[in-house]
Amino acid sequence: MSRNRLMLLVAVMASVVVAVGGFFLGVQPQLARADASAEQQASAEQSNATAEGRIAKLRAESQTLPAQKAELAVLEGSIPSSLDQAAFYRELSDLADAGGVTISSLTTSDAQSYAPPQAPATSTEAAGTASAGATPTPTPDASATPDASATPGAAAAPAVTTSPVITSANFSAVPVTVGVQGSFEQATAYMKAVQNGKRLFLVSSIVSSSSASGSDASNDAGPTTWTLSGFIYVLQDAASTQAEQAAAASSSSASTNG
């Protein structure tokens, strides 16, 4: 092999080495950066699409905000954060004037703390509780009527649903008794009106002055005294509840230290 051919071969090999080295040192990093940029662009586009979706949802919800505020105002008026007795009395008076009845008495008793409803006990639990301190009973004969709770296909009691944010610390029921004078029709109409007013007033009983129960009341015309008994409710907000609890704790601590 001549010296010229050897030099040519070395030059070609050097060119190949330079080309390969240039690819790995220059081109390959650039390609990697391009791939990374493409992934970042795709991620950014996905994030933008998600943000646009959230913005569109918030824009749609903002259109219903006035209606939601109006609904919240109605609910807050139905169960306010304070007793607001004067406003409730005015509402009762206005409804009495509209219904043609006369309020003869109106009393409000001390508030009662809320007690969460308990789920009804099953027949097995009831039997276990009863048998804890009871004496054995004779075995019923075959002709005895079976317990409705043990009858196949009997309807189960509905599940008790409560909210964890409603507790005895922030929710209370206030007993109210209203006496009105008017006819039977006027009294029943007034009872419906007060239960559908701005303030939630749950009437649990109505009694006339001449009967022990509302069901025995006659439909005689003329004024009769009707006594409506029920409850209104107060739901304190979290801030006021915490402030009252802190004040009570501080007062208790002060009295202990004293």
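What you are looking at is a predicted structure, and each value in this text was computed from that prediction instead of being measured.
Between the side chain of S204 and the main chain of S229, a donor-acceptor pair closer than 3.5 Å is present. The backbone N or O of T167 sits less than 3.5 Å from a side-chain atom of N170, completing a donor-acceptor pair. A donor-acceptor distance shorter than 3.5 angstrom exists from the side chain of S183 to the backbone of Q186, with no hydrogens or angles considered. In this structure, Q112 contributes its side chain and P175 its backbone to no donor-acceptor pair below 3.5 Å.
Between F171 and Y233, the two ring planes are parallel [angle under 30°; tilted spans 30° to 60°].
For residues 44-69, there are no ring pair (Phe, Tyr, Trp, His ring centres under 6.0 Å) pairs, not counting sequence neighbours. Applying the ring pair (Phe, Tyr, Trp, His ring centres under 6.0 Å) test to every pair with at least one member in residues 29-70, sequence neighbours left out, gives no pairs at all. Listed by first and then second residue, the side-chain hydrogen bond (donor to acceptor under 3.5 Å, both in side chains) pairs that reach into residues 40-50 are Q41-E45, sequence neighbours excluded. Within the structure, ring pair (Phe, Tyr, Trp, His ring centres under 6.0 Å) contacts touching residues 57-89 (residues at least two apart or in different chains) are F88-F201.
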Kindly indicate, with the supporting measurements, whether the criterion side-chain contact (heavy atoms from CB on, under 4.5 Å) is fulfilled by Y190 and L95. CA-CA 7 Å; Y190 181 71; L95 293 174; 3.8 Å; yes
When you look at V176 and V203, which way does the side-chain contact (heavy atoms from CB on, under 4.5 Å) test go after all the steps? CA-CA 9 Å; V176 175; V203 177; over 6 Å; no
Please tabulate, for the side chains in residues 97-105, all donor-acceptor contacts under 3.5 angstrom to protein atoms that are two or more places apart in sequence or on a different chain.
| residue | atom | partner | partner atom | Å |
| --- | --- | --- | --- | --- |
| S104 | OG | G179 | O | 3.2 |
| S105 | OG | G179 | N | 3.4 |

Can I get a per-line list of side-chain donor-acceptor pairs under 3.5 Å for residues 53-62, giving both atom names and the distance, sequence neighbours left out?
| residue | atom | partner | partner atom | Å |
| --- | --- | --- | --- | --- |
| S62 | OG | L58 | O | 3.4 |
| S62 | OG | R59 | O | 2.6 |

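To the nearest 0.5 Å, atom CZ of residue F231 and atom OG1 of residue T108 are 12.0 Å apart. Atom CG in L200 sits 11.5 Å away from atom CG in L235 (nearest 0.5 Å). Here CD1 of I232 is found 11.5 Å from CG of L202. Values are rounded to the nearest 0.5 Å. We find the CZ-NZ distance between R90 and K198 to be 10.0 Å, quoted to the nearest 0.5 Å.
By the criterion of side-chain heavy atoms lying less than 4.5 angstrom apart, applied directly or through intervening Ile, Leu, Val, Met, Phe, Trp or Tyr residues, Y114 is grouped together with V165 in one hydrophobic cluster.
Around CD of Q195, the count of heavy atoms belonging to other residues, nucleotides or ligands within 6.0 Å exceeds 12.
Looking at every heavy atom in both residues, R199 comes nearest to D84 through NH1-O, 3.8 Å.
Put simply, the side chain of L83 reaches to within 4.5 Å of the side chain of V174, judged on heavy atoms.
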